[in-house]
Amino acid sequence: ALADALELSRDERIRTQTLCTRWLAVIFIALASTLLGLVLPMGRDTSAPLDSAPGLIYILVYVVFHVLARRERRSLATSATTERTR
C-alpha cells in the first residue's frame, strides 16, 4: 500500500484516513444537496417548508466532522496505549 511505501506511522495513517473520510463526506453531502435541489418542487408558485432543505443539509457537515473527530481521538488514544505496552 502507499502508506507502507511512505512509511507512515500508525498515527499518521489514522489522521490521513480521517482526512480522506472528511472529504468524502463533504462530497456526498454536496451531492445530496444538489439532488434535493433538483428533485424537490421549489420555487413553484408558493413557498414550501422544503425550500430550505438543500441548504440545511449542510448542517450534516458539522455533525459528520464532530463524529469523525471523536473517532480519530479514540483511535489515536488506542494507538498510543498500544505503543506504550510494547
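Numbering of residues begins at 1 and proceeds along the displayed sequence.
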For the student: nearest non-hydrogen atoms of [X] and [Y], plus distance:
X	Y	result
Val64	Ala25	CG1-CB, 3.5 Å
Ala32	Ile57	CB-CD1, 3.7 Å
Gly55	Ser33	N-OG, 4.5 Å

Same apolar cluster (I L V M F W Y, side chains within < 4.5 Å links), [X]/[Y]:
X	Y	answer
Tyr58	Leu68	yes
Ile29	Leu40	yes
Leu60	Phe28	no
Leu8	Leu2	yes

message: Quick check against the 3.5 Å criterion: does Glu12 have a side-chain atom that pairs as donor or acceptor with the backbone of Ser9?
response: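 Yes: the side chain of Glu12 pairs with the backbone of Ser9.
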- prompt: Can you tell me how far the CG atom of Leu19 sits from the CD1 atom of Ile14, to the nearest 0.5 Å?
  reply: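 Going from CG on Leu19 over to CD1 on Ile14, the span is 14.0 Å.
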Distance (rounded to the nearest 0.5 Å) between Ser75 OG and Arg10 CZ: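 Going from OG on Ser75 over to CZ on Arg10, the span is 10.5 Å.
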Is there a side-chain contact between [X] and [Y] (heavy atoms, below 4.5 Å)?
X	Y	result
Val26	Phe65	yes
Arg15	Leu76	yes
Thr21	Arg71	yes

message: Using the rule given for side-chain contact (heavy atoms from CB on, under 4.5 Å), can you reason through Val61 versus His66, listing the C-alpha separation, both sets of side-chain angles and the distance that settles it, and then say yes or no?
response: CA-CA 8 Å; Val61 170; His66 182 71; over 6 Å; no
query: Is the number of heavy atoms from other residues, nucleotides or ligands within 6.0 Å of CD (Gln17) greater than 12?
result: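 Count not over threshold, so no.
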